[in-house]
Amino acid sequence: MRTTQFPLNTVKETPADAEIASHQLMIRAGLIRKLAAGLYSWLPLGLRVLRKVEKITREEMEKAGALEVLMPALQPAELWQETGRWEQYGPELARLKDRHDRDFCLGPTHEEIITDLARNEIKSYKQLPITYYQVQTKFRDEIRPRFGVMRSREFIMKDAYSFHLDQDSLQATYDVMYQAYTNIFNHLGLKFRAVIADSGSIGGAVSHEFHVLADSGEDAIAFSTESDYAANVEQAAALPPQSLRLSPSEELDKIATPGQKSISEVSEFLGVTPQKILKTLAIIQTVKTAMNEDTEVFWLLYLRGDHELNEVKAHKILGEFRFATDEEIEGKLNCRPGYIGPPVKNSGQVINGLADHSAIAMSDFVCGANDPGFHLKGCNWESDFLIVSIADISERQVADIRKVVEGDPSPDGKGEITLARGIEVGHIFQLGSKYSAAMKAGVINEGGKNQIMLMGCYGIGISRVVAAAIEQNHDDKGIIWPANLAPFQVALCPMNMHKSERLKVASEQLYQDLQAAGIEVLFDDRKVRAGFMFSDMELIGIPHCIIVGDRGLDTGTVEYKGRTAQENIEIPFADIIDFLKAKLV
RNA sequence: CGGGGCGUAGCGCAGCUUGGUAGCGCACUUGUCUGGGGGACAAGGGGUCGCAGGUUCAAAUCCUGUCGUCCCGACCA
């Protein structure tokens with residue numbers, strides 16, 4: 001391709017509304033243009049990259065035995081009503097009516113559609129297992145679209161769905177897909193982790209997220225320094241402390257801490273580390289009574305001062321809950337937030353308490369005195385509070401409810417936890433029968449009986465992968481494309497070609513030769529100055545650059561520069577094709 | 001949904017306080033020079049100042065409404 005026929009549309013200035021590097025660079029390099037909030041057009045250069053992601057994804061899907069289909073983006077409400085998601089899905093679901101006033105939505109996902117397709121097309125167990133996939137535009141009416149195509153309202157997704165007679169078959173395909181995803185991200189040349197994940201609202205049990213590692217990622221993931229354990233921080237288990245609780249050595253003492261409310265304030269005021277301060281959170285749990293009515297129960301949650309509550313874990317134990325309001329805390333404890341703590345033994349108060357493992361292992365600690373302006377020091381669980389001894393702790397009183405922190409032991413016993421940020425680009429689920437049961441998608445089994453199929457689903461955010469790749473691979477000059485994502489492999493940059501006929505001839509010949517060698521080359525035949533040319537090629541992230549000039553023609557050489565190299569190297573003109581071919585393997 | 005910011009040329013911005021002929025940089029067009037890291041000079045083209053009302057002799061500027069857009073908000077004991 002020649003730049004005179006393939007406009008680059010680069011811009012020097014950073015767009016005002018782009019926050020993160022990938023968004024800024026995608027605009028500056030001329031990959032995308034914004035149409036409206038969360039809606040982007042792909043320019044020719046960006047589309048080439050997008051197509052590469054699609055191509056690699058398709059190759060691996062085909063290898064995994066998946067069959068490509070294409071389902072409508074516009075979907076009738078009836079199918080969504082069958083699974084109940086028409087009501088469950090919030091305003092994120094882009095709903096609309098057709099001219100006959102019938103309800104439709106723009107699909108954010110295609111479980112309903114594929115399940116409908118499968119129940120009509122698959123009749124016998126002999127046709128199973130089967131996996132369909134598609135590359136389609138999806139719509140989510142995000143509350144707050146941001147970060148360019150990273151979180152947009154319209155985006156391209158590869159989604160695959162598998163159908164099975166039994167769990168073993170589902171597990172087998174899931175494993176194949178797991179491997180296919182690993183292959184895809186390896187081929188894309190991205191640093192990634194597959195992490196154990198919460199399957200969230202889509203339902204089902206087993207689930208992994210694939211994260212591209214990048215400091216600006218929205219998700220925190222925890223992984224082991226020594227094993228391949230990796231989990232979403234929400235999911236990562238914090239093991240109980242191994243060391244035993246130290247025996248009490250201090251007497252309970254009430255001290256004035258006027259105006260000191262937060263852990264950090266109290267820590268500084270009293271000169272104790274946050275590890276020695278108990279953090280007490282007040283929540284209101286919602287439970288169903290025997291009459292099936294909602295009733296509210298007040299709880300105190302105890303954490304070590306340097307830890308944070310993991311709400312996902314707490315919800316698993318307590319079900320529905322919310323944080324108590326200041327008024328509710330006042331009403332129950334006669335105390336303002338900032339000074340609350342576990343009720344002391346002789347207070348006569350009995351309040352439901354749930355402590356984290358590491359909180360119950362504390363001794364001689366500081367906590368709120370349930371008296372505004374006062375804390376207690378020298379606190380010890382058994383001697384001073386109603387909470388039971390460590391010997392007979394029950395599930396309801398002590399559990400893992402905190403977020404893991406760096407340095408925690410890995411849950412699999414190997415190594416320590418390290419935290420990293422990731423961008424979720426893929427997610428695989430074992431859905432089980434959630435959709436197939438709701439939509440009565442069954443086959444005739446070996447015994448001649450109808451049997452509901454099991455399903456798996458597997459998604460990759462194609463457009464998000466492009467942004468994630470940039471987020472992970474860029475410098476102050478621009479994008480640094482991994483080899484398999486680059487819109488072009490090689491930039492051919494002649495110096496002042498318009499002034500030298502022999503350079504023009506040589507450049508044109510080299511351009512032809514590179515193309516003949518099967519190399520994707522971008523020939524910069526614009527009449528622009530050298531610096532302008534180099535800056536453009538670096539901004540758009542072409543991995544390899546060939547510079548040809550009269551100087552080199554005199555000595556029979558061309559110059560080569562890798563995208564991140566500091567120095568140019570001279571290559572004999574005759575060797576350049578072989579040299580590049582070796583680079584491109 | 002709450003709080004805040006911003007809508008002026010393709011992009012980035014000034015002008016608004018204190019109403020009086022719409023400006024700057026980049027980009028674009030033409031020409032001359034220049035020619036290995038986003039050139040210089042000269043001459044150009046391009047804007048219903050988001051939209052709708054209102055105040056005024058006069059509104060980008062003041063008032064009201066409206067739309068768009070961006071940021072912040074979900075860990076506080």
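So you know, we letter chains A, B, ... as the sequences are listed, proteins then strands, and number each from 1. Since this is a predicted model, take the numbers as computed values, not measurements.
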Take atom CZ of A:R153 and atom C1' of B:U69, then tell me their distance rounded to the nearest Å. 11 Å
When the P atoms of B:C62 and B:G3 are considered, how many whole Å apart are they? 22 Å
Rounded to the Å, how far apart are A:I351 CD1 and B:A77 P? 19 Å
Determine all donor-acceptor pairs shorter than 3.5 Å in which one atom belongs to a side chain in residues 541-549 of chain A; sequence neighbours excluded.
{"residue": "A:H544", "atom": "ND1", "partner": "A:Y560", "partner atom": "OH", "Å": "2.6"}

What's the NE2-C1' distance between A:H23 and B:C70, to the nearest Å? 11 Å
Heavy atoms from C-beta onward define the side chain here; which of B:C71, B:A77, B:G38 lies closest to that of A:R146? B:C71
Contacting residues from residues 258-269 of chain A, given that a heavy atom lies under 4.0 angstrom of RNA chain B: A:K261, A:S262, A:I263
Determine the interatomic distance between P on B:G36 and the same-named atom on B:U30; round to the nearest Å. 23 Å
Closer than 3.5 angstrom, by distance alone: can the side chain of A:W481 be matched with the main-chain N or O of A:I540 as a donor-acceptor pair? yes
Those residues at least two apart in sequence (or on a different chain) that pass salt bridge (Lys or Arg N to Asp or Glu O under 4.0 Å) with A:R563 are A:D475
Sorted by chain and residue number, the salt bridge (Lys or Arg N to Asp or Glu O under 4.0 Å) partners of A:D554 (sequence neighbours excluded) come out as A:R502
Using purine N1 to pyrimidine N3 plus N6-O4 or O6-N4 for Watson-Crick, or N1-O2 and O6-N3 for G-U wobble, both under 3.5 Å, which nucleotide pairs with B:C76? none
Once you apply a heavy-atom cut-off of 4.0 Å, does A:L281 come out as touching a base, just sugar-phosphate, or nothing? base
Could you state the atom-to-atom distance from NZ of A:K403 to P of B:A74 in whole Å? 11 Å
Spacing of the P atoms in B:A22 and B:G38 (rounded, Å): 38 Å
Find the distance A:L35:CG to B:G68:C1' and express it as a whole number of Å. 13 Å
For a quick check of understanding: with a heavy-atom distance under 4.0 Å over all strands, which category does A:Y339 fall into, base, sugar-phosphate or nothing? sugar-phosphate
Angle between ring planes, A:Y40 versus A:H23, binned at 30° and 60°: parallel, tilted or perpendicular? perpendicular
Ion pair check, A:R2 and A:E508, cut-off under 4.0 Å: yes
Suppose we screen for ring pair (Phe, Tyr, Trp, His ring centres under 6.0 Å). Which residues come up paired with A:Y89, at least two apart in sequence or across chains? A:W80
Atom CG of A:D475 to atom P of B:G37: distance rounded to whole Å? 19 Å
Hey, are A:R526 and A:D536 close enough for a salt bridge, meaning a charged N less than 4.0 Å from a carboxylate O? yes
Only pairs with both distances under 3.5 Å count, Watson-Crick or wobble alike; so what is the partner of B:G45 in this structure? none
Qualifying salt bridge (charged side-chain N to carboxylate O under 4.0 Å, His left out) pairs with a residue from residues 258-277 of chain A, counting only residues at least two apart or across chains: none
Enumerate the residue pairs fulfilling salt bridge (charged side-chain N to carboxylate O under 4.0 Å, His left out) with a member in residues 351-375 of chain A, sequence neighbours excluded, ordered by first and then second residue. A:K254-A:D371, A:D356-A:R402
Using the P atoms only, state how far B:A60 lies from B:G19, rounded to an integer number of Å. 14 Å
Could you check A:T280 against A:K12 and say which one's nearest nucleotide on RNA chain B is further toward the 5' end? A:K12
Qualifying salt bridge (charged side-chain N to carboxylate O under 4.0 Å, His left out) pairs, either residue in residues 22-49 of chain A, two or more places apart: A:D17-A:K34, A:R48-A:E520
Separation of B:G39 P from A:M533 CE (nearest whole Å): 12 Å
Could you tell me how far B:G2 sits from B:U61 if I compare only their P atoms? Round to whole Å. 27 Å
Scan every strand shown for a Watson-Crick or G-U wobble partner of B:A22, both distances under 3.5 Å, and answer none if you come up empty. none
Given that both distances must come in under 3.5 Å, which nucleotide forms a Watson-Crick or G-U wobble pair with B:U69? B:G5
Paired with B:A59 by Watson-Crick or G-U wobble geometry, both distances under 3.5 Å: which nucleotide is it? none
Taking a pair as Watson-Crick or G-U wobble with both distances under 3.5 Å, which nucleotide is matched to B:G36? none
P gap between B:A14 and B:A9, integer Å: 12 Å
In the structure shown, which nucleotide is the Watson-Crick or G-U wobble counterpart of B:A14, with both distances under 3.5 Å? none
To the side chain of A:R28, which of B:A77, B:C70, B:G38 is closest? B:G38
Which value, in whole Å, describes the distance between the C1' atoms of nucleotides B:U48 and B:G35? 44 Å
Check side-chain contact (heavy atoms from CB on, under 4.5 Å) between A:Q24 and all other residues, then give those that pass, not counting sequence neighbours. A:T14, A:A18
How is A:K477 classified with respect to the nucleic acid when contacts are heavy atoms under 4.0 Å: base, sugar-phosphate, or nothing? nothing
So if I define the base as every atom that isn't primed, P, OP1 or OP2, how would nucleotides 6-16 of chain B read as a B/S/- string at a heavy-atom cutoff under 4.0 Å? -----BSS---
Distances under 3.5 Å only, N/O to N/O: pair up the protein atoms with those of nucleotides 34-36 of chain B.
{"residue": "B:U34", "atom": "O2", "partner": "A:R529", "partner atom": "NH1", "Å": "2.5"}
{"residue": "B:G35", "atom": "O2'", "partner": "A:N496", "partner atom": "OD1", "Å": "3.4"}
{"residue": "B:G35", "atom": "O2'", "partner": "A:N496", "partner atom": "ND2", "Å": "2.4"}
{"residue": "B:G35", "atom": "N7", "partner": "A:K499", "partner atom": "NZ", "Å": "3.1"}
{"residue": "B:G35", "atom": "N1", "partner": "A:H498", "partner atom": "NE2", "Å": "2.5"}
{"residue": "B:G35", "atom": "N2", "partner": "A:H498", "partner atom": "NE2", "Å": "2.9"}
{"residue": "B:G35", "atom": "N3", "partner": "A:N496", "partner atom": "OD1", "Å": "3.2"}
{"residue": "B:G36", "atom": "N1", "partner": "A:E559", "partner atom": "OE2", "Å": "2.5"}
{"residue": "B:G36", "atom": "N2", "partner": "A:E559", "partner atom": "OE1", "Å": "2.4"}
{"residue": "B:G36", "atom": "N2", "partner": "A:E559", "partner atom": "OE2", "Å": "3.1"}

Do A:R421 and A:E471 meet the salt-bridge criterion of a basic N to acidic O distance under 4.0 Å? no
What is the separation between atom NE2 on A:H315 and atom P on B:A74, rounded to the nearest whole Å? 15 Å
Pairing residues for A:D141 by the side-chain contact (heavy atoms from CB on, under 4.5 Å) criterion, not counting sequence neighbours: A:R153
If you pin A:F532 and A:H307 to their nearest nucleotides in RNA chain B, which one's is more 5'? A:F532
What distance, rounded to whole Å, do you find between the two P atoms, one in B:C1 and one in B:C24? 41 Å
